[in-house]
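Since the structure is predicted, the reported quantities are computational estimates derived from the model, not experimental observations. Letters go in sequence order (proteins before strands), and every chain restarts at 1.
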There are 2 protein chains.
Amino acid sequence: MVSIKDIAKHAGVSISTVSYALNGSPKVTEETTKKILAVAKELNYVPNAAARTLKKRETKIIGAFLTSFEGAFYGDLLQGMKEEMSKRGYDLVICSGTKSHRMLPEGFLDGAIVLDRMFTDEELLLYANRGHKLVVLDRELRHSNIVQVLLDNKAGATFAIEYLLRMGHKKLYVVTGPKGSFDSGQRLQAARQTVERNGPLWYAEIPGNFNKASGAAAAQRIMDEYDGPAAVFCLNDEMAIGMYNALKDTPYRIGEHIHVIGFDHIEISDYLQPRLASIDYSESRWGAVAAEQLIKLIEGVGAEHERIYVSLVEGESVKQR
Amino acid sequence: MVSIKDIAKHAGVSISTVSYALNGSPKVTEETTKKILAVAKELNYVPNAAARTLKKRETKIIGAFLTSFEGAFYGDLLQGMKEEMSKRGYDLVICSGTKSHRMLPEGFLDGAIVLDRMFTDEELLLYANRGHKLVVLDRELRHSNIVQVLLDNKAGATFAIEYLLRMGHKKLYVVTGPKGSFDSGQRLQAARQTVERNGPLWYAEIPGNFNKASGAAAAQRIMDEYDGPAAVFCLNDEMAIGMYNALKDTPYRIGEHIHVIGFDHIEISDYLQPRLASIDYSESRWGAVAAEQLIKLIEGVGAEHERIYVSLVEGESVKQR
DNA sequence: TTGTAAGCGTTATCAG
DNA sequence: CTGATAACGCTTACAA
């Protein structure tokens, strides 16, 4: 490995001169700088990150933590983050799994964006207390080193239920997400409120898990109880897809016997027959805003909590009753 | 920040004893070890990665480089890698963008898995020459510090064309991937060979780009030239989906006028109407094999080039002529 | 069994 | 403008 020491030797200067020259300090003659850069290039010099980090206590790398890489993998969200970070001189890496949490306290990362239920609130607060900077996308957590960038779940759930009501439905199901999911909790709460506010309605909740299997199970139960058109708000699209699958070889038709709306507006939903109604938001904007706030936090210029707005996307999976 | 020096002070021992104790060395009494661990816990000690790396010249982190995070394609691949790495004591981070290439030469990563056309062969060879360990998934590159884990593109393309022929098709199109793509090049080459080998056939190639837009454009051209049933091998599923979209509001039907097979068997393809025929392979196996070989390379136990096998998935997008 | 000390590659302070 | 030199936190001979 070639270090600044080697460069110093070859260029006939001291290592501090080399360091200054490499960092473009005006303290060094243009001439010597040029020479040093030439030698560096010739020797294929690459700075050692560990050494620099040890001194400067920063890596210019931030981590985004996901529960899993499987499924939709949040492509646009990550892309939005990456572009924003890149613009501001930071690199982004995507991490998953509890083992990799260590990277934060050990100083590999200058900060983290968390969308990962494998982090407990306690763990995050611990890191925040030690001075690490965090943005959370999946919980409410108040601390001076943490900022929240959250989806407007309540608005989305309200839009969804109101849409079903507007289409004349009187028998409503909600298929929920896993216990303890922040998004699910918020959506459910708003759905209940909207139902209550709109007077006497038939209403039931079916516990789900945000995956296809639980959507299919919910479909089964709805068929068992069938006594006329029912409307279902699946708290995410994945479960709605499970419902489509389960109904495929039955006499029940989506948009006719069972009306379905999801949440997230994932890509597949536009390809389903009939097209799935859903709640849409810009993943890339979500990512960009999260990145922006994290960098503000790191650089100590007033970061603020943010809300990501959502909108209704209609689809033939819900028809007028 | 609390360092081993602080622990030493609090425990009334020297820093080397602390270091030994923390690393579970048998050189230290069980008693002192216990005490030191207690103090460490009490002070919330976390080892500093930069310092350790500077000494040990390893991070136990490996990077997977992708061209982009967009598209839902790589979830299982990454999951396969992660699980394999985790089993062997390494962490995985996902990187994208040329700026983040620095992490490899600067010593942030113990190795890299590359599926990213933004790396040139020259750049990779440079790193390999400097001693960095690499696994490439998207090119052929021979070097003692590089191992290849490649899809069996040729088998897949052969299966696809043979399937179309078996179904009685005589007019064949291939929609290609971008210039310079290794996968596209291999698939195209095998497709051509199979066509040639099977005697006189109407055959044409349409340049594509592995995205939906180019699939749609290809569909347009095929309709313009239409003079009877045609069969199309899209060199990936994404373009096949573009083709579905483009044909949606035309009188041409997939599986009737235009028969289509893709490559990759991505999730959406099972939800298309009619179901898309494709070439399938196990993404998670691909990832796991890549991870396994990289670690072998790093640990110096004979790593070997590997091939990932593929299989045909039939679908109603191709019907007997 | 424990302590001393050198050194990993940088940065940054202080003299010259 | 340039050069010694002391850190940064940790590992690891070697000494005691």
Inset, instruction - Give me the residues of residues 43-60 of chain B where at least one heavy atom lies under 4.0 Å from an atom of DNA chain C, by number, or none. - result: B:Leu54, B:Lys55, B:Arg57
Name the pairs: protein N/O against N/O of nucleotides 2-4 of chain C, kept only if under 3.5 Å.
unit_1	atom_1	unit_2	atom_2	d
C:dT2	OP1	B:Thr29	OG1	2.9
C:dT2	OP1	B:Thr32	OG1	3.3
C:dT2	OP2	B:Thr29	N	2.8
C:dT2	OP2	B:Thr29	OG1	2.7
C:dT2	OP2	B:Thr32	OG1	2.9
C:dG3	OP2	B:Ser14	N	2.8
C:dG3	OP2	B:Ser14	OG	3.2
C:dG3	OP2	B:Thr17	OG1	2.6
C:dG3	N7	B:Ser16	OG	3.1
C:dT4	O4	B:Ser16	OG	3.0

Would you mind reading off the distance between [X] atom [atom1] and [N] atom [atom2], rounded to a whole angstrom?
X: B:Glu106; N: C:dT10; atom1: CD; atom2: C1'; answer: 12 Å
X: A:Lys5; N: C:dT11; atom1: NZ; atom2: P; answer: 14 Å
X: A:Leu22; N: C:dA12; atom1: CG; atom2: P; answer: 13 Å
X: B:Ile36; N: D:dT11; atom1: CD1; atom2: P; answer: 13 Å
X: A:Asp6; N: C:dG9; atom1: CG; atom2: P; answer: 8 Å
X: B:Ile4; N: C:dA5; atom1: CD1; atom2: C1'; answer: 13 Å

Legend entry - Sidechain-backbone polar pair: A:Gln293 side chain, A:Ala303 backbone, donor-acceptor under 3.5 Å: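 Pair absent, no side-chain N/O of A:Gln293 close to backbone of A:Ala303.
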Inset, instruction - For the pair B:Asp76 (side chain) and B:Glu283 (backbone), establish whether a donor and an acceptor sit closer than 3.5 Å, ignoring hydrogens and angles. - result: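 Not a single qualifying donor-acceptor pair exists.
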Inset, instruction - In sequence, state the C-alpha distance, the side-chain angles, and the governing distance for A:Glu31 and A:Lys34, and then conclude on salt bridge (Lys or Arg N to Asp or Glu O under 4.0 Å). - result: CA-CA 5 Å; A:Glu31 198 184 358; A:Lys34 201 172 285 179; over 6 Å; no
Legend entry - Full working for salt bridge (Lys or Arg N to Asp or Glu O under 4.0 Å) between B:Arg52 and A:Glu106: CA-CA 10 Å; B:Arg52 189 185 341 105; A:Glu106 289 186 0; 3.4 Å; yes
Inset, instruction - Assign B:Ser19 to base, sugar-phosphate, or nothing according to its heavy-atom contacts below 4.0 angstrom with the strands shown. - result: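 Since a base atom lies under 4.0 Å of B:Ser19, the category is base.
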Inset, instruction - Kindly compute the distance separating CG (B:Leu109) from CZ (B:Arg102), expressed to the nearest 0.5 Å. - result: 10.0 Å
Inset, instruction - With rounding to the nearest 0.5 Å, note down the distance linking CZ in A:Phe210 to CG in A:Asp183. - result: 6.0 Å
Inset, instruction - Taking the side chain as every heavy atom from C-beta outward, state whether A:Tyr45 and A:Asp6 have any pair of such atoms under 4.5 Å apart. - result: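 SC-SC contact between A:Tyr45 and A:Asp6 ruled out.
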Inset, instruction - Could you list all the ring pair (Phe, Tyr, Trp, His ring centres under 6.0 Å) pairs where at least one residue sits in residues 110-129 of chain A, not counting sequence neighbours? - result: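 Every pair satisfying ring pair (Phe, Tyr, Trp, His ring centres under 6.0 Å) with a residue in residues 110-129 of chain A: A:Phe65-A:Phe119, A:His101-A:Phe119.
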